[in-house]
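Handing you a structure now.
Because the structure is predicted, anything quoted here is derived from the model rather than measured. Letters A, B, ... mirror the listed sequences (proteins, then strands); counts begin at 1.
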Protein chains: 2
Amino acid sequence: MPTLTAAARRERERDSYNAYLAECPSHNLLAQISSKWVTLLLAALSAGPLRYSDLSRAIPSVSQKMLTQSLRTMERDGLVVRTVTAAVPVRVDYELTALGGSLVGLMTQVKDWAESHMDNVYEARREYDSRAAAEPVATLNKRG
Amino acid sequence: MPTLTAAARRERERDSYNAYLAECPSHNLLAQISSKWVTLLLAALSAGPLRYSDLSRAIPSVSQKMLTQSLRTMERDGLVVRTVTAAVPVRVDYELTALGGSLVGLMTQVKDWAESHMDNVYEARREYDSRAAAEPVATLNKRG
DNA sequence: GGTGCCTTCTTTCCGTTGGAGAGTAGCCGC
DNA sequence: GCGGCTACTCTCCAACGGAAAGAAGGCACC
């Protein structure tokens, strides 16, 4: 287990990819993980493997289509493993991989950020909206 | 500056919001920050304020429409401040707020994750695609 | 003094994505 | 053999995203 080597390699790899550029594959990868469904699915799977129906219940807001689609993409990208058990009705379990595990902490923090800073955002929106209503049309108000 | 109080309040707030539910406002907030443009814009602004044209150059992949639209949403949500200077051609600067600053570290890590784990994802995709090509049609293969 | 250029958007067109809800497949119990 | 269960899959339509042209406001050039 070359821990230092792996870290050094990751650093070198980060230098060779640039998510700012559309033609860089890391841009596309960033777009895929920057999805609310990926964030919520990773957070839900952080506690351990779950079945399709478990995930559906854990995340009531996701449609079956998006649930399947997101899980497929995540499986292809190596974030989750899909295990089919040919039981009475077929049973499918989803579990984080090591790669998924390296991302789950980050995405859980993103979800937590959204939940814990909701009130700050509310206040900012209220302020913005009242400011926008006060200014008639002109956008050229310097507010320093 | 009630640091402890603010942290305790954030924790309480996180408990009262649940991003898993579509009707919860934090779900919508998560959807907004889970955008590649928000991630890239925060990362670009982490080093300091930038003008509209600077951002456009820093992130060549973003269209003007999405740049403006994303910045407006981020401004409304209190992540950035927009400062208009009535100069020769009008000059607009964007800068992180304290709230934006509390998110920027996280989102920079997400961007870095995408860049540093690109090769792992590539390998996973190659493996997935070859497996998919090998399996004729049946999805019911238990691979464990 | 009109043409052109600069920045920062705004609008339009249209292809892609996402959500709601119904349909499908395989199997078992009744 | 009919309904019910799980895990999808399909269809329809609305919303989002990208490309490119337009717009406002002002100076500079000739």
A:A31 and B:K36 have their tightest heavy-atom pair at CB-CD, 3.6 Å
Practice prompt. Show the numbers, then the answer: is there a side chain to side chain donor-acceptor pair (under 3.5 Å) between A:Y17 and B:S116?
Written response: CA-CA 8 Å; A:Y17 292 113; B:S116 59; over 6 Å; no
Does the side chain of A:T68 pick up a donor-acceptor pair with the side chain of A:Y52 at under 3.5 Å?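 Yes, a side-chain donor-acceptor pair sits under 3.5 Å.
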Could you pull out the protein-nucleic contacts involving nucleotides 3-7 of chain D (nitrogen or oxygen on both sides, under 3.5 Å)?
| from | atom 1 | to | atom 2 | distance (Å) |
| --- | --- | --- | --- | --- |
| D:dT6 | O3' | A:R51 | NH2 | 3.1 |
| D:dT6 | O3' | A:V90 | O | 3.2 |
| D:dA7 | OP1 | A:R51 | NE | 3.3 |
| D:dA7 | OP1 | A:R51 | NH2 | 3.1 |
| D:dA7 | OP1 | A:V92 | N | 3.1 |
| D:dA7 | OP2 | A:S53 | N | 3.1 |
| D:dA7 | OP2 | A:S53 | OG | 3.1 |

Using atom names, set out every protein N or O paired with an N or O of nucleotides 26-29 of chain D below 3.5 Å, distance rounded to 0.1 Å.
none

task = Using atom types as modelled and distance alone, determine if a side-chain donor or acceptor of A:S46 lies under 3.5 Å from a backbone N or O of A:A43.
result =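 Looks like yes, one N/O pair under 3.5 Å.
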Here the distance between atom P of C:dT11 and atom NZ of B:K65, to the nearest Å, is 11 Å
Q. Taking the side chain from A:S70 and the backbone from A:W37, do they hold a donor-acceptor pair closer than 3.5 Å?
A.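 A pair under 3.5 Å: no.
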A:T39 and B:S34 have their tightest heavy-atom pair at OG1-OG, 3.6 Å
Against the side chain of B:T68, the closest entry in C:dC9, C:dG21, D:dA19 is C:dC9
B:V92 vs B:T83 side-chain heavy atoms within contact, under 4.5 Å: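 Contact flag for B:V92/B:T83 side chains = no.
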Here the distance between atom P of D:dC10 and atom CE of A:M66, to the nearest Å, is 16 Å
May I ask you to list the residues of residues 20-48 of chain B, by number, that have any heavy atom positioned under 4.0 Å from an atom of DNA chain C?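 None, since no heavy atom is under 4.0 Å.
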Would you indicate whether the side-chain heavy atoms of B:M74 and B:L41 approach each other to under 4.5 Å?
yes
Original post:
Any donor-acceptor pair under 3.5 Å linking the side chain of A:T97 with the backbone of A:G78?
Top reply: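 Yes.
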Rounded to whole Å, the CD-P distance (A:Q69 to D:dT9) equals 11 Å
Q. Should A:D93 and A:R82 count as an ion pair when the cut-off is N to O under 4.0 Å?
A.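 The answer is no: the pair does not qualify as a salt bridge.
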